[in-house]
Structure formats: structure tokens, C-alpha cells
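The block underneath contains the structure these notes are about, expressed in C-alpha cells.
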Amino acid sequence: MLLFFTLGLLIHFVFFASIFDIYFTSPLVHGMTPQFTPLPPPARRLVLFVADGLRADALYELDENGNSRAPFIRNIIMHEGSWGISHTRVPTESRPGHVALIAGFYEDVSAVAKGASGDHVYTYSYDAKREDFGAQDATKLDTWVFDNVKDFFHHARNNQSLFSKINEEKIVFFLHLLGIDTNGHAHRPSSRDYKHNIKKVDDGVKEIVSMFNHFYGNDGKTTFIFTSDHGMTDWGSHGAGHPSETLTPLVTWGAGIKYPQRVSAQQFDDAFLKEWRLENWKRLDVNQGILPVDYLNNTDLFKAESMFTNAVQILEQFKVKMTQKKEVTLPFLFTPFKLLSDSKQFNILRKARSYIKHRKFDEVVSLCKELIHLALKGLSYYHTYDRFFLGVNVVIGFVGWISYASLLIIKSHSNLIKGVSKEVKKPSHLLPCSFVAIGILVAFFLLIQACPWTYYVYGLLPLPIWYAVLREFQVIQDLVVSVLTYPLSHFVGYLLAFTLGIEVLVLSFFYRYMLTAGLTAFAAWPFLTRLWTRAKMTSLSWTFFSLLLAVFPLMPVVGRKPDISLVMGAGLLVLLLSLCVVTSLMKRKDSFIKEELLVHLLQVLSTVLSMYVVYSTQSSLLRKQGLPLMNQIISWATLASSLVVPLLSSPVLFQRLFSILLSLMSTYLLLSTGYEALFPLVLSCLMFVWINIEQETLQQSGVCCKQKLTSIQFSYNTDITQFRQLYLDDIRRAFFLVFFLVTAFFGTGNIASINSFDLASVYCFLTVFSPFMMGALMMWKILIPFVLVMCAFEAVQLTTQLSSKSLFLIVLVISDIMALHFFFLVKDYGSWLDIGTSISHYVIVMSMTIFLVFLNGLAQLLTTKKLRLCGKPKSHFM
């Protein structure tokens, strides 16, 4: 069985990685011939100001007094240059944004964490510790840039080598201004700090522009661009495709740029012009990649030549991409991009040259735009050329794996086919020989096409999986016989119920309220069965907590409206619950010793400290005094102890689960900013009732006798002979687990995009920007409800005498069916939010399947391991 889970884990890693090979490969093309415009450029140098995290509306709109927050930039728009909105693309992060701004192409997502490099790039930057979300004044990040640029030019006057270098042609000065982004994360874009930072940046830009003009003797050869790499949501995050993240300002002036154009009316799909009172100044929006000729202040010949050069350069990329794909594809299998054949390329280029010769410059621009559009479509065609082949292989592998796991459940863990089979046939050599032959053919086919090694994995992986499936042909035959003897109406009914359940789980990824619908159905479940008559109190408790948990998916996404009072309220409820439980346990003197009382008191103290840290950290940050060191020490100590302290508690089922809840709640409170602090508490209450109600269902079906929960103890040394075979009702138990896991993830609004994760959640631990540490803390916050559900699932398995392997296999099949569903829903068209979300859904389900193995191990460790204080030997209870 260990071998099966190891291979299963490996297969899932391959399926997980496949999405990045199919959808996240780099679009970069190398080996093109550089193209140049034959006419001299109007500018010798470019100054690029990038205000990180600046929204278009925040810069352009007027304040409550009718004044601009950026008077210098506003003056440029009205008297000196051109302006518009730049449309960025998912992921709305700094690195891809900078690449798209400077290089003119969209980078693949895998390059988010990379930096700038090359012997032609010279950088000056401050220490990462300066980016502190709890600092007194984040505008210092921007003033540092402005001050150092001034010092740089002052130094250049006294350094002949540096002076000559910055007087060369084609020099780009890139000023990255991070203060606005830092203030947006820390205080939200609607805050006074964010808006004040815009004014500071505006003042700084004014000074730098004046300095540049003075240094170069007002030679009129400098072009200035002011823009942003991405925007920011109202709740202070970015990364996804919301308009507040993708709409960024673009203001440019200086050499070669058009002066403002007064117009009487403009047509756009939005109402921004009226809101910003800029309806009389021509707005020119841009998408990266295509030369925005409307911004250029030059001769029509220069615009036509520039556009022609832009088109030829993109066409060069198309040709190189086509040649690369043609070289590694068999001639009879190669299908060229029909919309841009060699003859069509030649005709368009010849016609464009003819138009330039006859001075039909508008026609040249129009024709070049058409060529660029076709070349970009062709680039996308060849970039995704192998997508269908890879997708088919992954789907075949997926279906094979689900089939094999299902057959294993039926063969080893159920009574479904027992007594059906009459004889065992000798294994034939035809099957393995056939699969070996197919494998050799597939490998040879990939070899002659010089495919990457990952293609061999995707092409060959389905073969051993399907071989394992077809080896169980006798089981398949017996299963068919068994199903045919089953009443058709019952079979169809169960199949419809299973399909409906899967669809509800899938839809809950798109619509959180589907979780509410599911939990409401759960609440009614005891009344639709005989449970209500057997256990009224348990049934009512189940209904109450199901309906209470159903409220959370209807609430706003977590992080958008922080409310520390709700965190304090959750802490008080935990303390109240602790008091009730400890009082109840103290009455049972036989099962509650001083050592265990000490552990519970320690956990209560930890909860109190967590509440204090949350409150005092919030107060300190509001006063802009940063994160107190003592609070930081307490937070990390609480986190470190949260997985150790439960091991000191009694292994009695209820006491151990309650101890795990107390420890994890202390950490969760530190990571909470609002109502989500109540979520694990309500979820845990429902989990406790779930354990009770599963006992009742098992007793009702007559499978086993009911045991008192107070007498059941977790143990590694569970007698394997006590395990029973699977029944149809166990599929419902497995479905409940998957549903609770999905609820644990989406219940507080952790939708499938990075922008739902609020950085304020980690401010009790650190405020200095550290993406990997902050990401790890937020990941643990997401996993805490998962751990609570998995620990409860351990208890359900124990109380219902079910093998964890058998039930886990059902969960695996359900998760894989969902993953296959999402694999078909992945798309690379539509809005960037839709594309990013569809990929995220698949990644989340696959991650959940992989994480389940590790979470199952963690849950076993937390529930069964027993440590003792004072150096006493550890013991395991039977």
C-alpha cells in the first residue's frame, strides 16, 4: 500500500506539473534579426518613472476640494504632453509589469520571481528592510530614489567617465518608486497615506524633470514617461485581473511626444473622463506590444517607418517560431498557420513599401497593424501547437488513474464482487507485450521529433497506468455482473446523487454561495433519514452548526473590511468554551490529572496572549510605531508551540481534539483581521457533531455497536482486524470530507487568485516585506482549517472502524474527478481574470489532492503522538 501511495503521489505531481507545460511555457523567442528605423530618433534618452501600485483613478481624479493630488502631472496633461490608460495583464505583479513596459511583450508567469540582469543594466537600490509596512513613513522609499538620482548626477559632473557614459545615445533612466505600493498594502488605496504619497511623488518627479533639463542644457532630446506597473484593489492587494489592478496611468512628454490635443467629445466604454474632468483632453489608451503612433510628434514618414519596423520585428518572431516548430515536427504532421502564409507576408510587406514610396502613410499604419495582429495570432498558434497532444495524454492518464483507484477500492476494500468470480485464469503474455510495443512506438515517435523530456513523461505515463487497469480485467467483469444484478432505479439514483454532489463541489469554486446551498442540504439530512428519531439532540446540533457555517460563504471576501473587534470576540468565545470544557473535565477526576490541567491552562494563556498581541499590534501600527519586538517574539513562539503542545494532552479522543483546536486557534487569531477568526471555531463545533452523528448512522445500519466517545483513545497501534469492509454509505462519508475541505478553503473567501490574501494578516509576525515568509504564513493560515477537518476525519475513521486507506482512496477518486473536470475548464481566452482563475482552480484541486497525503500524516501525528512532561516516558494508548 505504501508503494501505491508513493506512485500515486508521483503521478499527481506529474499531472500537477502538466498544467505549467501546457499553459505556462515561456513566450520568449530568440534568434531574430534586429530591425531598425532608417530615420534618426527624436530623443537621445528616456526617463521612465514607474510608480509601483499606482491606480489610474488615484492619479487622475480630483480630491474633495476639486484639486489634483498630482498638480505637476496634471499640468503636463493639459499643457505639455499626451496621456491615457495603460492596460496591464495578469499576473499584476512588478516583474511582469516592468518587462511588458520596457520590452513590449508579456512574460510567462514563471518569471515573476526573477530580477533584472545583463552587463548593460546598472542598478542602485536600497536594502529590502526599508520596505516595512509598519514603518512611520513609506514615502521615504521614494524620496530615497529622488535623492540618489540627484547625487548620481552631481557625481557625474566630477567624473569624466560617468559623464561621457550618460551623454551617450539610447540611454534609459528607470526610476522605480515603491512608496505608493507599500502604503497601499499597509493602509489601503483610500487612505490619507496613499494619497499623500502621490503628492510626494508628483513633487519628486517635478524636481527630477527640472534637474534633467538643466543637466542636459535644455537640449530637447529627453523623453519622459510616467506610468505604473500595476494598480491595486480597494483592500490593498494585487496579482489578479480586477480593473483596479489592470488599469494604470500613462503620461508622457518631451522629445517626440505630441502636445495636448483639445477635443469637444470622446467615446469610451467607461465614464472616467467626466469623473476626472479630462473630457476635453484627448485620451490615448495603449496595450503593450504595439507602437502607439498616436503619441508620436513627428513626420508622417517617421510614424510609417516606425510602424513598419515594429511590424517586421514581430513578423521575425513569427518566422523564427514557425521554423523552430517545423524542424521538430514530421513533415506530414506539420500544419502551418494558414492566415499568414509566405505569399501573404510578402504581399503585405511589398504593399507597405509601395505605400511609403507613394506617401500613403495612413494606409501604411493600417496595413502594419493588420500584419502585427496576424503575426501575434500566429505566434500564439505555434506557442500552443502541442497543447492538444499534451492535453489528450494527461486526460488519458487521469482517466486511467481514476479507473485503477476505483478498481482497487472494489477489489480490496468492499464486498461488492465477493462470490461472483468462479475461476481464476492464467495471466497472458499478450497484454504486457502489447503495452511494451506501444511504449517503444511512442518513444520513437517523440525521439524523431526531438521533443523535450517532459513529453516522454506525459506520453508514456498512461501506458503503465492502463496496463494496471487491464490486468484487473476479471474484477471489471465481476463488477459488470454485480451492477447488472442491482436494481436499475437504485443504480441510476445513486449515480445521479454522486454526479450532483461533484457538480456542487465544482460550482462552489466559481460561486461561494453553492457551499451555503450544500451546507443547508446537510442541515436537512438528519430529518430525511431515521437519525432524527434516534438522536434528537445530535441532529439538532448538526443542523444548527451546519446553518451557522453556511453563513460564512455569503459574507464578503476576507480582508476587505478588517474588524479587530471580531477577532477579539472570537478569542473570548474560545476562552468561554475552554472554561466550560475544563470545568466539565475536572468533574471526571479519574480521567483528568494535574498534568493535563496544566496543558489546558497553558493553551488558555496562549489564547489570551494572542488576543493581546493582535490588539496592541493594531494600535501600534495605527500610531505608525511599527511592530513591537515583544509582540513579534510572542507571535513566533505561539506558532512554534502550536504543533507541540497538543502532544502533551490526553490521547482521549475528545480531549485531544479540543487541545488541537485551542493550539491552532491561538495562531489563527494572530493571522486574522476580521470575521474569519470565528470560522475555525464554528467549523470545529460542526466537526465534533460530525463525529457523534457518524457513530449514530453506523449503529443505525447495524454495522457495529456504539462506543462512548469519552472512552475512545487515539493510538498508532490500532488492531487491523477491527477494520470493516466499505459500504455504500462510506462514499457519503468521503464526500462529506471533500466538501468540508472545500469549505475550509473557500469558506472565508480565499477565492482562486492571489488578490484575496491580505498582507495585514501577517503583521503580528513581520511587517518588513518578505514575499516567501509572508506567503508561508498565509499558507499556514489557509491550512489550519484543513488540519482541523483532517483531525476530525481521523476520529471518524476510528469511531466507525474504517481503514484510513480505504476511505482515503474514495476521497482521492472524488478529488481526481473534480481535477479532471477543472482540467477541461482551463482556458486561454476571455478576460485575464477568467484565464487566471480557471488555471488556479485546477492548481488548487491538484494541490489539495497532494496536500491530503501530508495533512493526513500531520493529523495522525497530532492525534496519536503522546509526549509527557518531566522526562516521563512517552506512551501509546490502546
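Here the structure is a predicted model, which means the values were calculated and not measured. Just so you know, residue 1 is the first one in the sequence shown, and it goes up from there.
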Checklist entry - Can you tell if the side chain of Tyr385 reaches within under 4.5 Å of the side chain of Thr335, non-hydrogen atoms only? => result yes
Item to check | Distance in Å, Ile782 CD1 paired with Glu676 CD, rounded so as to fall on 0.5 Å steps | outcome: 11.0 Å
Next on the checklist: Distance check, rounded to the nearest 0.5 Å: Lys411 atom NZ versus Ile476 atom CD1?
Outcome noted: 11.0 Å
Checklist entry - Is there a side-chain contact between His841 and Leu825, using heavy atoms and a 4.5 Å cut-off? => result no
Next on the checklist: Can a donor-acceptor pair be found, under 3.5 Å and without considering hydrogens, that links the side chain of Trp466 to the backbone of Ile396?
Outcome noted: yes
Checklist entry - Counting heavy atoms not belonging to Tyr511, are there more than 12 under 6.0 Å from its OH? => result no
Checklist entry - Is there side-chain contact between Phe445 and Leu441, with at least one heavy-atom pair below 4.5 Å? => result no
Checklist entry - Hey, is the main chain of Val506 close enough, under 3.5 Å, to the side chain of His821 for a donor-acceptor pair? => result no
Item to check | Thr516 (side chain) donor-acceptor with Ala550 (main chain) under 3.5 angstrom | outcome: yes
Checklist entry - What are the two closest non-hydrogen atoms of Phe15 and Trp401, and how far apart are they? => result CE1-CB, 4.3 Å
Next on the checklist: Before we go on, tell me: are the rings of Phe522 and Phe736 under 6.0 Å apart, centre to centre?
Outcome noted: yes
Checklist entry - Under a 4.5 Å cut-off applied to non-hydrogen side-chain atoms, are Arg387 and Ile22 in contact? => result yes
Next on the checklist: According to salt bridge (charged side-chain N to carboxylate O under 4.0 Å, His left out), who are the partners of Lys325, at least two apart in sequence or on a separate chain?
Outcome noted: Asp386
Checklist entry - Would you find more than 12 non-hydrogen atoms of other residues, nucleotides or ligands less than 6.0 Å from Phe473 atom CZ? => result no
Next on the checklist: Less than 6.0 angstrom separating the ring centers of Phe793 and Phe740, yes or no?
Outcome noted: no
Checklist entry - Do the side chains of Phe334 and Met322 get nearer than 4.5 Å, heavy atoms only? => result yes
Item to check | Nearest-0.5 Å distance, CG of residue Leu855 to CG of residue Leu861 | outcome: 12.5 Å
Checklist entry - Taking the side chain from Thr384 and the backbone from Ser380, do they hold a donor-acceptor pair closer than 3.5 Å? => result yes
Item to check | Reported CE-to-CD distance for the pair Met818 and Glu503, which is rounded to 0.5 angstrom | outcome: 10.0 Å
Checklist entry - Nearest heavy-atom pair of Val328 and Gln324: which atoms, and what distance? => result CG2-O, 3.4 Å
Checklist entry - Where do Ser508 and Phe745 land on the side-chain contact (heavy atoms from CB on, under 4.5 Å) test, with the steps shown first? => result CA-CA 11 Å; Ser508 67; Phe745 192 86; over 6 Å; no
Item to check | Beyond-backbone contact of Arg512 with Leu554, side-chain heavy atoms, under 4.5 angstrom | outcome: no
Item to check | Interatomic spacing from NE2 in His30 to NZ in Lys321 - rounded to 0.5 Å | outcome: 9.0 Å
Next on the checklist: Would you say that more than 12 heavy atoms from the other residues, nucleotides or ligands in this model lie under 6.0 Å from the CZ of Arg471, or not?
Outcome noted: no
Item to check | Closest approach of Phe739 to Leu515 (non-hydrogen atoms, all atoms of both residues) | outcome: CZ-O, 3.6 Å
Checklist entry - What distance do Leu9 atom CG and His12 atom NE2 have between them, rounded to the nearest 0.5 Å? => result 8.5 Å
Checklist entry - Using the benzene-type ring in the case of Trp, are the ring centres of Tyr382 and Phe318 under 6.0 Å apart? => result yes
Next on the checklist: For a 4.5 angstrom cut-off between non-hydrogen side-chain atoms, does Tyr458 reach Phe389?
Outcome noted: no
Checklist entry - Mind checking whether Phe824 and Val395 have side chains closer than 4.5 Å, heavy atoms only? => result yes
Next on the checklist: I'd like to know if the side chain of Tyr456 and the backbone of Leu447 have a donor-acceptor N/O pair within less than 3.5 Å.
Outcome noted: yes
